[in-house]
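A quick write-up on the structure given underneath.
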Amino acid sequence: MKIIHGIGASKGIAIGKLTLCLNIDDHIQKKTITDVEAELSRLDEAKAASVEALNAIYMKALKRVGEANSMIFQIHIMMLQDEDFYGSIRNVIKEEKVNAEYAAWKTGRQYSEMFAHMDDEYMRGRASDVIDISKRLIRNLDTRLANGLDSLSSPSIVAAVDLMPSETVQMDKEMVLAFITKEGSKSSHSAILARTMGIPAVVGLADQFAQFSDGDDIIVDGISGDVILSPDEKTLSDYRVKQGEFNRHQQELKLLKGTKAITKNGVQIEINANIGHPEDVDLVLENDADGIGLFRSEFLYMESKQFPSEEEQYIAYKTVLEKMNGKRVIIRTLDLGADKQVPYLDLPHEDNPAMGLRAIRICLDRQDLFITQLRALLRASTFGKLAIMFPMIISVDEVRQIKSLIEKVKSDLTKEKIAFAPDFELGIMIETPASVMISDELAKEVDFFSIGTNDLTQYTLAVDRMNHCISKLFDSRHPAVLRMIEMTAKSAKKAGIWVGICGESAADTSLTEFYVKIGINELSVTPSSVLELRKAVQQIDLK
Ligand code: PEP
Ligand code: MG
């Protein structure tokens, strides 16, 4: 038995078998071979296994999501059987005398580059498909790389170097008992995803990660951050007891459903939930949140092979608004870039993407995309209480540009006789030190502020939120961050607008009293933290 310490990123206890999901790009090896024929027949076997698996996935998807949405798997089969593509992999093996894994990887990347630069939109959309296909071949060639997040076959604890949002969107969430990752911090996206799903997670295991192998028996304690490898009988039974206690505590919290987050001295705080996907609304309702404080709309873009159309977005937003039945839904416009990449966006390489072309900067640069999203949002606005929020703001000028684009969309829709709500709120995220420093000016322009403490901490402290080497320095309780929050709250109060927090530290109950004292009106947290936070507010007495 071995106890390994990491960062507890999502509460709960899981006991089970480990599935090691390694990222192919990080682990592909180039090897010289001598027996070309043997290598070619390994490749043929992997191709046959891939086609068989794709056929099975196609049949399953056909039942679940219908013909149109399942076609992609037939396209993958066709591409795999395409003489050009498959022939190129064979040629790399023959000419370079290299292993089939490397040949498939190299060819996949070459074809993807080629597709990405084609004029035809449909062909550009295939750039990520060839990568998917080459990865499938590699998984069938190398048992070490056999597990993919999209091919989990039984419920297990997933171990990965990190979970990028683009990979997790394809994951079968019912198959995941817990996550453990080598990289990541409390506010990295894998941690946020685990909390949204309400499953335990330990992240930032660093070099200790090398000790795990596929099929290991492990315990994940997302509360303490411990991972126990090959637990003995006594530890196992102690943890079963702990797991029972945790589950009982969760049951007790359920008794708070239907109550409000009001302090003993009568201050009411709106407690909302953060979501990334329309399906997450079920978790919001299950946990009785007052509304949705952050819908990270970029996940719609990441699940798609090309930009989601106005109609697709409209349906997603309308579904969420309808399900929330009149409760406030704050939808954040797309926040792509940095760690949230989509291949079809074709962003230039950046040395420092967290400070690069991302979020509102992309929207103001590529206004056609932004207008499509705004049109979808406004059209959906008649189905509930919509508020729209913009990420990564650093200037008043950006807000004015956004407002003038919204006016343009309103006037276009009016001309086209398409209805939209007359009274939706507009807000901005306060997640850069610049926006804090000019929050008095910004407050005159909008209806509300929502403080994104994940990025605000990253930019205030100059600590990369994704970098596990410095995760100890990532501290949303640092006095500099707390002063930033207080300054923002003061500006909001002075201008008479409301202010909330939607970053991960909104759920930190050791800060709840401070937030209430400085005049924070709303806190938005992952659905599984709503009731715990409601309890914390109810215990506060400011008298
Ligand atoms: C934040 O930065 O705090 C935030 C809520 O946005 P995201 O985590 O999606 O960057
Ligand atoms: Mg952010």
Inset, instruction - Dump the intermediate steps for side chain to side chain contact (heavy atoms under 4.5 Å, CB included) on S435 and I394, then the final yes or no. - result: CA-CA 5 Å; S435 63; I394 58 164; 5.9 Å; no

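- Between E96 and K106 there is a salt bridge, since at least one side-chain N of the basic residue sits less than 4.0 Å from a carboxylate O of the acidic one.
- Using a 4.5 Å heavy-atom cutoff, the side chains of R366 and L345 are in contact.
- Each of L18, V158, L20 was checked for a side chain to side chain contact (heavy atoms under 4.5 Å, CB included) with I180, and the lone residue meeting it is L18.
- In summary, D44 and R90 engage in a salt bridge, as defined by a charged side-chain N under 4.0 Å from a carboxylate O.
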Inset, instruction - Assess whether salt bridge (Lys or Arg N to Asp or Glu O under 4.0 Å) is satisfied between R42 and E39, documenting all intermediate values. - result: CA-CA 5 Å; R42 276 184 73 225; E39 207 58 19; 2.6 Å; yes

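- In the displayed structure, D368 atom CG is contacted under 6.0 Å by more than 12 heavy atoms of other residues, nucleotides or ligands.
- Under 4.0 Å is where a charged nitrogen must lie from a carboxylate oxygen, and between D214 and R144 no such pair does.
- A donor-acceptor contact shorter than 3.5 Å links the side chain of S185 to the backbone of R465.
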Inset, instruction - Tell me, with the steps shown, if I93 and L40 meet side chain to side chain contact (heavy atoms under 4.5 Å, CB included). - result: CA-CA 7 Å; I93 296 177; L40 290 174; 4.0 Å; yes

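- Side-chain atoms of Y317 and Q313 include a donor-acceptor pair closer than 3.5 Å.
- G293 and I330 get closest at one heavy-atom pair: O-CB, 3.5 Å.
- With respect to the salt-bridge test (charged N to carboxylate O, under 4.0 angstrom), the residues D508 and R477 qualify.
- The shortest distance between side-chain heavy atoms of H277 and F299 does not fall below 4.5 Å.
- Side-chain contact between E183 and M466 is absent, with no heavy atoms from C-beta onward closer than 4.5 Å.
- Residues satisfying the side chain to side chain contact (heavy atoms under 4.5 Å, CB included) test with S524, not counting sequence neighbours, are N272, N274, C502, E522.
- Inspection of the S505 and T453 side chains reveals an N or O donor paired with an N or O acceptor under 3.5 Å.
- Put simply, the side chain of S224 gets close to the backbone of D226: a donor and an acceptor are under 3.5 Å apart.
- Relative to the ring axis of Y102, K31 does not place its NZ or CZ within 45° and under 6.0 Å from the centre.
- At distances below 3.5 Å, not a single donor-acceptor pair connects side-chain atoms of D217 with backbone N or O atoms of K17.
- Remark: D142 does not engage R139 in a salt bridge, criterion side-chain N to carboxylate O under 4.0 Å.
- More than 12 heavy atoms of other residues, nucleotides or ligands sit less than 6.0 Å from atom CD of Q211.
- Judged purely by atom type and a 3.5 angstrom limit, T181 has no side-chain atom pairing as donor or acceptor with the backbone of A160.
- Put simply, the side chain of D216 never gets that close to the backbone of F212: no donor and acceptor are under 3.5 Å apart.
- No hydrogens or angles considered: nothing links the side chains of Q110 and S88 as a donor-acceptor pair under 3.5 Å.
- Under the rule for a salt bridge (Lys or Arg N to Asp or Glu O under 4.0 Å), R240 has no partner lying at least two apart in sequence or in another chain.
- Contact check for L43 versus Y86: side-chain heavy atoms found under the 4.5 Å cut-off.
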Inset, instruction - List the steps, then state whether side chain to side chain contact (heavy atoms under 4.5 Å, CB included) holds for I360 with D335. - result: CA-CA 7 Å; I360 200 67; D335 187 13; over 6 Å; no

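- One N or O on the side chain of R361 and one on the backbone of G356 form a donor-acceptor pair closer than 3.5 Å.
- Judged as a side chain to side chain contact (heavy atoms under 4.5 Å, CB included), and not counting sequence neighbours, the contacts of L473 are V463, I470.
- Taking a cutoff of 4.0 Å between a charged side-chain nitrogen and a carboxylate oxygen, D132 and K135 do not qualify as a salt bridge.
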Inset, instruction - Begin from the C-alpha positions of L347 and I362 and carry the test side chain to side chain contact (heavy atoms under 4.5 Å, CB included) through to its verdict. - result: CA-CA 9 Å; L347 288 178; I362 297 177; 4.1 Å; yes

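- A side-chain donor-acceptor contact under 3.5 Å links S134 to the backbone of I131.
- Side-chain atoms of S309 come within 3.5 Å of backbone N or O of E312 as a donor-acceptor pair.
- A salt bridge links K234 and D238; the closest N-O separation between the charged side-chain nitrogens and carboxylate oxygens is under 4.0 Å.
- Atom CD of E504 sits about 8.0 Å away from atom OG of S529, to the nearest 0.5 Å.
- Distance check, rounded to the nearest 0.5 Å: OG1 of T196 to CZ of R296 gives 7.0 Å.
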Using residues 6-16 as the side-chain source, report each donor-acceptor pair under 3.5 Å to any protein atom, sequence neighbours left out, with the distance given to one decimal.
residue	atom	partner	partner atom	Å
S10	OG	I199	O	2.7

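- At a threshold of 4.5 Å between non-hydrogen side-chain atoms, the residues F295 and V320 count as touching.
- Under the rule for a side-chain hydrogen bond (donor to acceptor under 3.5 Å, both in side chains), the partners of D232 that lie at least two apart in sequence or sit in another chain are T235.
- A salt bridge does not link R358 to E350: none of the charged nitrogens lies less than 4.0 Å from a carboxylate oxygen.
- Checking each of I72, I75, I77 against L54 for a side chain to side chain contact (heavy atoms under 4.5 Å, CB included) leaves exactly one that passes, namely I77.
- With hydrogens and angles left out, the side-chain atoms of D455 and Q458 include a donor and acceptor closer than 3.5 Å.
- Side chains of N140 and S50: a donor on one and an acceptor on the other come within 3.5 Å.
- A donor-acceptor distance shorter than 3.5 angstrom exists from the side chain of Q373 to the backbone of L334, with no hydrogens or angles considered.
- To the nearest 0.5 angstrom, F209 atom CZ is 9.5 Å from D162 atom CG.
- Considering all non-hydrogen atoms of both residues, R332 and P391 come closest at CD-CB, 3.8 Å.
- Residue R126 holds its CZ atom at 9.0 Å from CD1 of I133, rounded to the nearest 0.5 Å.
- Taken from CG in L80 to NZ in K47, the straight-line distance is 6.5 Å, to the nearest 0.5 Å.
- Shown here are the salt bridge (Lys or Arg N to Asp or Glu O under 4.0 Å) partners of K182, two or more places apart in sequence or in another chain: there are none.
- Using a distance-only test at 3.5 Å, with no hydrogens or angles considered, no donor-acceptor pair links the side chain of N55 to the main chain of E52.
- V227 places none of its side-chain heavy atoms less than 4.5 Å from the side chain of Q208.
- Side-chain contact between I275 and T526 is absent, with no heavy atoms from C-beta onward closer than 4.5 Å.
- For Y111 and D129, the side-chain atoms include no donor-acceptor pair closer than 3.5 Å.
- Considering CZ of F370 and CZ of F390, their distance stands at 5.0 Å, rounded to 0.5 Å.
- Between L193 and F179 there is a side-chain heavy-atom pair separated by less than 4.5 Å.
- Counting heavy-atom neighbours within 6.0 Å of M355 CE, excluding the residue itself, gives a total of 12 or less.
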